[in-house]
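Here is the structure we will look at.
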Amino acid sequence: MEIYNQVFENNAHWAALKTGADPEYFQRLSVEQNPEFLYIGCSDSRVHPNNFLVLDPGHVFMYKNIANQVVPEELGIKSVVYFAAVHLNVKYIVVCGHYRCGGIKAALSEESFGCMDPWLKRIKDVAHSHESELVHIVDFNERWDKMVEWNVMEQCRQVELLLDCADFNELKIRPSVHGWVYDLKHGLLKDMKYPG
Ligand SMILES: [Zn+2]
């Protein structure tokens with residue numbers, strides 16, 4: 001069976017299992033959400049926070065793009081942070097990168113990636129701001145890992161800038177901002193202890 005058809009079968013099976021174990025499961029979830037986390041992460045197909053955080057649906061409000069970028073002037077991220085902070089009252093806003101991120105690797109190369117180039121330019125700017133440290137790291141994988149971490153810290157700062165802007169005046173309690181890096185090779189999460 002093609003995977004396209006398979007997923008519908010999987011879905012029906014999963015929904016039946018869930019309802020069998022807990023008849024009110026979907027009813028409860030359909031009424032409201034009370035997430036504690038806003039998770040801003042990479043689109044990478046291997047990085048699924050509900051899996052590695054071991055949290056059921058309802059705990060993590062989510063936004064993903066290539067290399068977990070926070071572009072304050074982008075309406076998508078601005079709306080997500082606003083809604084999460086002001087209306088859902090999330091306690092934590094997390095920017096989560098991951099080692100071996102393809103977006104970061106692309107930004108470290110001189111190659112053109114077509115219409116992605118303006119997006120990658122933001123990551124290249126992060127690299128430029130750490131130029132003096134980067135030149136001393138000979139091993140490419142080490143440079144790559146460092147860039148993943150620096151990028152997370154920079155995007156955390158961008159979240160803070162968003163929270164500082166006038167639109168967020170209705171904020172009752174300011175959520176705390178955190179930077180994480182997920183390690184694909186071991187399945188483990190590292191807290192970057194933002195602001196460091
Ligand atoms: Zn990635």
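Starting from 1, each residue takes its place in the sequence as its number. Indexing begins at 1, ligand by ligand and atom by atom, following the structure's order. The model shown is predicted, which means the values in this text are computed figures rather than measured ones.
Under the side chain to side chain donor-acceptor pair (under 3.5 Å) criterion, N10 pairs with Q6, sequence neighbours left out. Legend: residues meeting side chain to side chain donor-acceptor pair (under 3.5 Å) with R157, ordered by chain and number and at least two apart, are E154.
Excluding waters, the set of protein N/O/S atoms under 2.8 Å from the Zn ion (ligand 1) reads C42 SG, H98 NE2, C101 SG.
Aromatic ring orientation, F83 versus H87: parallel (interplanar angle below 30°, classes split at 30° and 60°). Using cut-offs of 30° and 60° on the angle between ring planes, the pair F168 and Y82 is perpendicular.
Comment: K121 engages D125 in a salt bridge, judged by a side-chain N to carboxylate O separation of less than 4.0 angstrom.
Every pair passing side chain to side chain donor-acceptor pair (under 3.5 Å) that includes a residue from residues 45-57 is listed here, sequence neighbours excluded: D44-R46.
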